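Data block below; observations after.
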Amino acid sequence: MSQAASSSSTSQSSSQAPEVYSGPRLEAVNLSKRYEDGALALDKVSFKVNPGEIYAMLGGNGAGKTTTINLFLNFIEPSEGEARIDGIVAHKDPLAAKQKLAYVSENVMLYPNFTAIQNLDFFAKLGGKTDYSKDDYRAVLLRVGLQEAAHNKRLKGFSKGMRQKCGIAIAILKDAPAILLDEPTSGLDPSAGREFIRLLTDLRSEGKAILMSTHDIFRAKEVADTIGIMNQGVLVMERAAADLKGENLEKLYVQYMAGHAGSEQNVETIN
Amino acid sequence: MFKIILDKELKEIIGTTKFAITFGVCAVLILLAFYVGARSYQSSMEGYNASVTENMRQMEGVTDWANIDHRIILPPQPLAALVSGVSNDIGRTVNMDVRGELRPEGSRFNEDPIFAVFRFLDLEFIFAIVLSLFAILFGYDAINGEKERGTLALSFANSIPRDQYILGKIVGSFLALIIPLMIPILIGCLMLPLLGVPMNADSWLRLGMVILTGTLYFGVFLTLSVFISTLTQRSSTSFLILVVAWIFAVLIIPRTSVLAAGRIVDVASVDEIDFEKGKYSAQLFNENMAAMQSWTQQNYQSDHRLMMEGMQAFRTEQQDLQDENMRLFVEQLNEQRANSSNLRTKVAFSLARISPTASFSLAASDLAFTSMELRASYQEAASAYQQEFAAFMRSKNVDFGGEAYVGHGAPVVVEEPEPIDTRELPLFAYEQPPASEAINDSLPDLGLLFMFNAFFFAGAFVRFNRYDVR
């Protein structure tokens, strides 16, 4: 699988300009989004995710986490600012930007009448990877913890955890330098959650830049390199996870959510 | 990218239980339609042959051509087995007369009204009703269903051009649905000659065009479904809209158009025309009688024989004048009725063509030659035959006078008259116009169906480019 992935990735990069990008894989620069009804969903949010880094974005419902991810995916266009992937501005060149991006949604819902392998095959091809074999798909499914007996079963019988594993497998197969995870551990049992954390650390060690939106403070603290807290569209705190080791993150989270809401000057940054 | 989406559509649709069930039902219906159509053709052909034989048998032993009761019968059209059109509603038998109006009588539904209750299960019905629903069933959630499942967002997390995606969806769905449906249709086509329906090159061409028209019609509902699914966020909403659109297109618009045309253009009924004819005939009779009385008063002679001869000559002259006046009056009435009836038909069809179902039905019946053109063409052929028949009767010295001819027979006195030889009668051989003419007639409707496809396709294309995939 890795051979196929690397060959495909090489052929892609060789067809593009040989310029080597050395900046952050994911970067939000004054990213704002105001919807047509006037609601401000995101207000001048800026952050970076470097290669080999996991950025956990915490926040309550409506905090702007998913909006941020949607802006990186160019599902919506920013009112102001830019979402950059490997230096490419998402809303200016979305097709090029998305080549550098893999995405796992909160509730992975694949094609229910396709088997796990058929789903992987389709999405891998959509991601531009056309030379994977069935063995490659089996290998990646085993890597994400999906038992072999389920590989050729239709998705309609799969639990949420199993579908989530397929979603992660699809992201792995795309072999993109940046990965966006929208509430990936939501609804997973503790064992599947642990398995997921192991996978994330593996991907980080491969140099992937991972942006993860989550409610799960403990998993965020466990795996993230940087933690950002969002409230009402504002990034109210951003700290290196290492700096938070001695602190009670849950207390900090509640404190920020309650007292520092919408206050830009209270944003703490690691930079 | 297009090919990847297309492959996925083919696999996704064909692999579902929904497809297996609906395809199974459609396949059975299509094969049944071909079988029932072929059997119906056989039965119509048997009926036709029996009528022709009976017509000849009735004339056997008749010694005077003036006493024959000759009928011509419209032979069944081979493709009426698949697109019945108006073929079962129009009169097929014409009692031949040497002059006067010819009225086709004895339609199949008139003879066997039970068949008119639920009509026939023919290929046109299957395309118009069943396959259009089939298209909706598989297209209503083409885009919003993907959104509801979350697969649209996951797909567009990849660098996919939207135009290729929507093109792949539409073409993929179309091929996934139409190719399997072609299998029972092709089997049905092969069954036709085996079941005794005579298919020549002309008939095959017509049938091929009917299937092509049906495919275009199917495409209209599929592209419409995809278009509606790009206009709505929920598949339940698009399904509801499509069901309403289907009801309007299939059931309401064609029927309402005919009713509206009836309101817009007034066409006298046959009874009204007959009443007018009767009234004018009575008026002519009275005038004739008055003229006769006047003539009698003015030309009274004591020589009774001379007076009778003069009166006979005047009466014949008057009768000829009355006949001519009546003929002109009837012609005028018929022409007026035909003109307004044609106008009404044009208005009705123009209005009905808002619906793709009407366009399809009109094109299919034109191609199968079971449209209203069949009635006009048969009437024309019967009139042409009437001339031939009249010439033949004259050659047999059969004289006729009055509106319904009264044969006096040749005043040849033979002691033992010979029976007539019915083989001398001119043959009535009805031939439908060539397929090229039918194709020409159907071109406006084919063009409309193509336009419907293009419009809905373009609509889906434009809408999807702005569709919120989240």
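Just so it is clear: chains get the letters A, B, ... in the order the sequence lines come, proteins before strands, and each one is counted from 1. Since this is a predicted model, take the numbers as computed values, not measurements. Computed from heavy atoms alone, side chains included, the values below leave out hydrogens, waters and symmetry copies.
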Salt bridge flag under 4.0 Å for residues A/D175 and A/K208: yes
When only pairs under 4.5 Å are counted, which of B/M1, B/K8, B/R149 shares the most heavy-atom pairs with chain A? B/K8
Quick check, are the ring centers of B/F461 and B/F455 under 6.0 angstrom apart? no
Compute the centroid of each ring, for B/F127 and then for B/F218, and state whether the two points are separated by less than 6.0 Å. no
Do A/D182 and A/S213 get their side chains close enough for a donor-acceptor pair, meaning under 3.5 Å? yes
Is it the backbone or the side chain of A/I76 that comes under 4.5 Å from a heavy atom of chain B, or both, or neither? side chain
With a 4.5 Å cut-off on heavy-atom pairs, point out which of A/T66, A/V108, A/L95 contacts chain B the most. A/L95
Do B/Y165 and B/F156 have their ring centres less than 6.0 Å from each other? yes
Counting heavy-atom pairs under 4.5 angstrom with chain B, the leader among A/L73, A/L126, A/N113, A/N107 is A/L126
Of the backbone (N, CA, C, O) and the side chain (C-beta and beyond), which part of A/Y111 lies under 4.5 Å from a heavy atom of chain B, both, or neither? both
So which part of B/E146 gets closer than 4.5 Å to some heavy atom of chain A, the side chain, the backbone, both or neither? side chain
